[in-house]
Amino acid sequence: MRVVVVGAGIVGAACARELARAGLAVTVLDRGGPAAGTTAHGEGNILVSDKGPGPELELAKLSRSLWPEILDGLPNAGGVEWDPKGGIVVATTPEGARELEKFAESQRAAGVTAEALDAASLAAAEPHLTREVTAAVHYPDDAQVQPSGAATALLSDALRHGADLRTGCELIGVRTHDGYPDGSRDGASGERGGASSVWSVSRADGNRLTGVRTSQGVIDADLVVNAAGPWSGEVAARLGAPIDVRPRRGEVLVTAPLPPTVFHKVYDADYVGAVGSGSQDLQASTVIESTGAGTILIGSSRRQVGFDDRIRPFVLAELARKALRLYPSLAGVQVMRAYGGFRPYVPDHLPVIGPDPRLPGLWHATGHEGAGIGLSVGTARLLRELVTGAVPSLDPEPFRAGRPAVLGADACEGAA
Amino acid sequence: MSPRIVPARTDAVRRRATPLTITVDGVPVPGADGQTVAGVLLAGGRLSWRSGPSGAPRGVFCGIGVCFDCLVTVNGERDVRACRRRACDGDVVTTQSREPGEER
Amino acid sequence: MTRNTDARARHTGGRPRHVVVVGAGPAGLAAAAAALRAGARVTLLDASDRPGGQYHRMLPAAYEAEDNGRLHHGWDDFERLRTHVQSHPRAEWWPDSAVWALERPDDTTSAPHVHVLRGPADGTERYRSVLTPDALVLATGAHDRVLPFPGWQLPGVFTAGAAQALAKGERVVVGDEVVVAGSGPFLLPVAASLLEAGSDVLEVLEANPASTVLRGWSRRPWELAAQSGKAAELAEYTGLLARHRVPYRLGRAVIEARGDGRVEEVVTARLTADWTPVPGTERTVPVDALCVTHGFSPQLELPVAAGCALSEGFVQVDDAQRTTAPGVYAAGEITGIAGAPAARAEGLLAGWTAAGGDPSDRTVRDVVRRRDRGRAFAARLAAAHPIGTGWPGWLRPDTLICRCEETDYRTLRAAAEDPATGAPRAVKLGTRAGLGPCQARMCGPAVADLCARRAPDSAPAHDGLAPDRSVPERAVPGLASASHHRRPVAQPIRLGELAASPGRPPEEEGEHTDER
């Protein structure tokens with residue numbers, strides 16, 4: 001079976017790796033280079049702490065269990081900078097403390113290790129953290145990677161298992177058994193008007209995907225995996241099967257290198273609320289952590305601004321303010337860089353993993369919002385199991401592409 | 001065999017030298033009002049004061065605030081470019097290191 | 001002229017246009033003067049506490065020097081210009097002002113907002129303000145470009161600009177037994193400064209062979225005559241070198257610096273025309289300092305943040321010094337390395353146009369002519385002093401490429417050659433080259449050059465110019481450019497300063513803000 005994976009970010013790399021290891025002939029294409037988009041602009045979070053009980057937590061737990069064993073087998077795992085440092089979530093208000101304790105209790109019930117820290121153990125774990133903390137919970141399973149290094153390590157492994165990488169290769173459209181439905185070439189046999197509604201209603205084999213048209217020519221494929229992150233909505237539309245994945249902007253501050261000051265991934269408890277929110281306004285919940293190079297990363301904002309990639313000083317200022325609430329002693333630390341990226345956002349906050357009901361041969365692995373680094377390996381494992389017909393490691397149903405939140409209002413009309 | 005300052009009394013630009021003193025890791029170093037911290041250190045015969053990630057010594061390289069090799073801590077403020085900050089009498093300068101966990 | 005253009009320089013509301021000029025070197029100062037002449041209100045800011053930039057770097061006020069001018073060319077004109085601008089009622093001079101961000105406003109036809117930190121360099125409680133000008137003139141200049149070579153991180157190895165800044169700016173001399181090496185006419189004034197301060201300049205090494213330099217300079221000789229100011233200045237330096245019997249050697253370079261904890265000796269070697277070291281021509285020279293420059297890197301983070309298109313590594317400007325970004329003008333070395341006279345002409349034109357002046361106005365014809373001559377000079381300079389493609393020939397596997405993060409050549413090459421890790425951003429994140437405190441200002445061009453020629457899709461053993469990456473440069477919405485000039489935080493800002501609310505800039509003409 002020939003597979004084209006669209007997107008060489010971490011999700012595409014992880015999927016290519018699993019499918020190549022399953023013996024499929026995989027081609028990864030990306031219009032930029034590997035790990036150039038969302039992957040390179042995140043913090044490298046592998047978290048269970050921010051997820052309440054439910055399907056995403058199950059996927060996070062699967063992913064967390066897979067990471068060490070995958071890295072164990074990678075010859076170039078050094079660049080991954082795997083660091084199972086654990087996370088600490090702190091609340092600074094009485095209400096925050098109640099919410100956090102309730103949340104942690106629900107997580108414990110779902111099998112997450114979540115240890116309440118008293119003031120003394122918190123001070124020992126994070127000596128520079130503010131003492132104005134009303135509750136703190138330690139999540140030993142939270143980990144960190146250097147996301148670009150992780151993605152390229154997974155991709156290298158895929159290439160070692162026979163996958164082919166095409167960079168600077170842009171997906172233009174789809175070829176089906178009947179031809180090119182957008183009428184661009186070979187129109188006589190395949191002309192179907194190009195309207196997505198045609199695809200929404202049709203399940204006929206004639207519509208089965210047989211390849212993709214790219215800027216480097218047609219690539220034969222029995223299966224296409226849309227792993228284009230925030231651009232996967234556009235990719236799906238070019239394939240004639242639109243899905244509702246939108247970009248959601250996030251910014252991160254990077255400080256100058258300094259002596260060890262922050263030892264865990266430390267979050268403000270309102271992080272949980274911001275991830276789950278659909279609000280379009282600026283939200284900033286503090287995530288602070290150090291890197292191996294001695295810098296401190298301060299995240300993270302969430303805004304819905306389309307693909308507007310301007311770095312906005314008011315957003316950076318809000319990140320700084322919130323960080324200083326947790327670590328007042330960082331006030332004199334230099335910020336030397338800021339970066340921003342776009343997370344693939346689905347209105348119901350769940351990833352999309354599985355076949356598209358409208359276009360046989362099209363699969364999706366996208367919509368991970370800010371959790372794609374961590375969830376990439378679990379997503380890829382699940383995808384492989386579904387593609388090869390193996391027993392899935394977890395229930396794929398909540399992630400199915402055919403759910404209304406993914407197909408969007410327009411697409412659903414036809415599918416109904 | 002080290003950097004030096006042109007003495008004010010023989011300097012063709014005919015200038016004043018109002019003395020000041022800073023301390024560097026606790027040691028007093030004399031300088032002249034108007035000099036940068038890097039200038040005071042160089043004129044005092046010191047070529048390096050910071051160490052890179054491997055611990056190797058570093059000093060001034062670009063001299064105009066671009067390379068960040070001359071970073072020092074001044075009065076408790078980390079990461080001050082010594083080539084750009086004017087020295088003030090009484091400034092307490094401490095040297096910095098990029099080696100993990102090491103700070104003087 | 002002033003009366004005629006005052007009208008143009010005014011808003012509909014009768015207020016004069018507000019022009020912000022970033023950088024008070026030859027280009028910025030000229031831009032400020034021209035914008036004032038055209039009737040604008042001008043805010044001139046510079047990171048330094050005195051105007052002049054690198055070219056006219058002034059001695060500190062506290063030195064009370066009676067004859068600062070003897071260290072400079074064109075000092076009297078500079079003094080007149082800066083006095084005029086600094087005392088002008090419609091001008092505000094903001095010293096110690098670091099522009100840490102440019103923010104493109106939602107209204108895409110307006111000039112960017114200028115986010116400024118005012119106070120001592122790298123201070124902790126600097127004053128944050130935001131300027132919202134009608135037009136922005138960027139004149140941020142350039143700094144030395146230094147190619148990596150073994151030992152270049154040793155203390156006692158300085159950029160040529162560092163030696164110059166220390167000598168001109170505070171009378172500090174970097175050493176007594178000095179080699180000046182690299183490429184370009186800037187080697188000469190640096191050697192001259194060292195000689196003036198009593199150092200022994202052992203030799204001046206120009207990496208390009210005589211044939212390249214002569215071919216570049218002798219092209220269209222009538223243009224050189226037109227650049228008489230610059231030519232006289234260069235002639236003066238060569239005279240000084242001759243009087244001090246300093247050898248000026250062409251086709252030779254420093255390929256290594258050695259020493260225990262500091263530079264103690266340098267290894268020089270003859271180069272082929274493309275800068276490949278010729279084995280067997282090495283010589284060891286004991287030194288206590290080395291000054292090196294291979295040309296200049298324009299400081300492009302602000303133009304890039306403003307959204308200005310680049311062309312061949314410089315800001316793209318039209319005949320009136322307009323960039324491709326609305327309301328943004330550029331002048332001086334960021335548009336091409338052409339020296340101070342050309343920078344001044346560009347500045348005059350940029351300031352004039354930014355203030356609403358008509359670039360085809362008869363009164364600026366002479367400026368346009370001088371600017372055009374400056375551009376021709378820049379082309380000649382580039383032809384006479386190119387960077388040869390063979391320079392990696394002096395690298396060793398353990399040679400540091402990124403000084404900040406100590407990324408060596410071996411590591412960089414391995415990352416660039418691997419198809420999975422070889423894309424520019426992945427190389428950067430994987431090797432940390434360019435991610436340290438200088439944010440790729442030093443290693444950026446070298447890393448880009450080395451990665452491009454090690455691209456997986458380039459022909460193996462390719463010795464010539466690096467081919468283009470297969471990755472398209474075309475903008476993809478949401479996919480940030482991997483340019484090493486991209487620094488949204490253009491200067492470091494402390495978290496506490498960032499968290500503080502910016503103060504309101506003065507709205508009224510002529511009002512002066514309190515200095516902090």
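Letters go in sequence order (proteins before strands), and every chain restarts at 1. Basis for what follows: all heavy atoms, side chains included, without hydrogens, waters or symmetry-related copies.
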message = Quick check for you: among C404(C), G307(C), A420(C), A305(C), which has the greatest number of heavy-atom pairs under 4.5 Å with chain A?
response = A420(C)
key: NZ/NE/NH1/NH2 to OD/OE distance under 4.0 Å, E103(C) and R312(A)   = yes
note = Cut-off 4.5 Å, heavy atoms of chain C, and the answer for T295(A) is side chain
ask   = For L330(A), is it the side chain, the backbone, both or neither that has a heavy atom under 4.5 Å from a heavy atom of chain C?
value = both
request  = For T291(A) and Q144(A), run side chain to side chain contact (heavy atoms under 4.5 Å, CB included): C-alpha distance rounded to whole Å, both residues' side-chain angles, the deciding distance at 0.1 Å, then the answer.
outcome  = CA-CA 9 Å; T291(A) 70; Q144(A) 181 181 356; 4.3 Å; yes
task = Flag the pair V447(C) / T431(C) as yes when at least one side-chain heavy-atom distance between them is below 4.5 Å, and no otherwise.
result = no
task = To the nearest 0.5 angstrom, please state how far the CG atom of L498(C) sits from the CG atom of L319(A).
result = 8.0 Å
key: Contact origin within R432(C) toward chain A - heavy atom pairs under 4.5 Å   = side chain
ask   = Between E318(A) and R321(A), is there a salt bridge with N-O shorter than 4.0 Å?
value = yes
query = What part of Q146(A) gets closer than 4.5 Å to chain C, counting heavy atoms only: side chain, backbone, both or neither?
reply = side chain
ask   = Among V254(A), L316(A), D30(A), who wins on heavy-atom pairs under 4.5 Å with chain C?
value = L316(A)
request  = With salt bridge (Lys or Arg N to Asp or Glu O under 4.0 Å) as the test, would you mind laying out the steps for R303(A) and D308(A) before giving the verdict?
outcome  = CA-CA 10 Å; R303(A) 286 183 300 146; D308(A) 179 354; 5.8 Å; no
task = Please determine, among A36(A), G149(A), A35(A), the option with the most heavy-atom pairs under 4.5 Å with chain C.
result = A36(A)
ask   = If you tally heavy-atom pairs under 4.5 Å against chain A, which of Q439(C), R486(C), R104(C) wins?
value = Q439(C)
query = Checking P112(C) against chain A: side chain, backbone, both or neither under 4.5 Å from a heavy atom?
reply = neither
task = Sort P313(A) into side chain, backbone, both or neither according to what part of it lies under 4.5 angstrom from a heavy atom of chain C.
result = both
remark   = Greatest number of non-hydrogen atom pairs under 4.5 angstrom with chain C, of F314(A), F342(A), Y339(A), falls to F342(A)
message = Just so I understand: if I count every heavy-atom pair under 4.5 Å between each of V335(A), D309(A), L155(A) and chain C, which residue has the most?
response = V335(A)
inquiry  = With a 6.0 Å cut-off on the ring centroids, do F307(A) and W231(A) count as close?
reply    = yes
remark   = Bottom line for L154(A): the part with an atom under 4.5 Å from chain C's heavy atoms is neither
Salt bridge flag under 4.0 Å for residues D268(A) and K322(A) = no
ask   = Rounded to the nearest 0.5 Å, how far apart are CD1 of I334(C) and SG of C308(C)?
value = 7.5 Å
message = So which residue, G341(A), A293(A), G79(A), ends up with the most heavy-atom pairs under 4.5 Å with chain C?
response = A293(A)
key: Row check, Y345(A) ring normal vs R343(A) NZ/CZ: under 6.0 Å, within 45°   = no
ask   = Top residue by heavy-atom pair count (under 4.5 Å) with chain A, among A101(C), G430(C), P437(C)?
value = P437(C)
query = So what's closer than 4.5 Å to chain C heavy atoms on A256(A): side chain, backbone, both or neither?
reply = neither
